[in-house]
Participant: 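Sharing a structure here in structure tokens format.
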Amino acid sequence: MKEGIHPAYKEITVTCSCGNSFTTRSALGKDLHIDVCSACHPFYTGKQKILDTAGRVEKFRQRYARGAASAAASASAAAKPAAVKPAAAKPSGKSSAA
């Protein structure tokens, strides 16, 4: 690497608002204070919950259950053989006059 063109890569302390702190290396050069870390973020801790304020999840489940029942009924109706009509004879393109 060329000398003098790269920033100093120093060890810093990162402190979360939950109290967790860890050390890492950064070109920033000063300590960091963050709001959320991997120790308190709900995605990483497994404490994430589905917020269903308008009942959207329940509405989806009801529609899906109704759609699955009607799909099963239409599938059983499609399994019945339909009446087949005989095809009409097509005239050939050749003329019989010689």
Participant: In Å, rounded to the nearest 0.5 Å, how long is the span from NZ of Lys30 to OG1 of Thr13?
Facilitator: 14.0 Å
Participant: The criterion is side chain to side chain contact (heavy atoms under 4.5 Å, CB included); which residues satisfy it with Ser17, sequence neighbours excluded?
Facilitator: none
Participant: List the atom of Cys16, the atom of Cys40, and the distance in Å for their closest heavy-atom pair.
Facilitator: SG-SG, 3.7 Å
Participant: Starting at OG1 of Thr24, measure out to NZ of Lys10 and round the result to the nearest 0.5 Å.
Facilitator: 15.0 Å
Participant: List, by chain and number, the other hydrophobic cluster members for Ile12, where Ile, Leu, Val, Met, Phe, Trp and Tyr join if side-chain heavy atoms come within less than 4.5 Å, directly or indirectly.
Facilitator: Val14, Phe22, Leu28, Leu32, Ile34
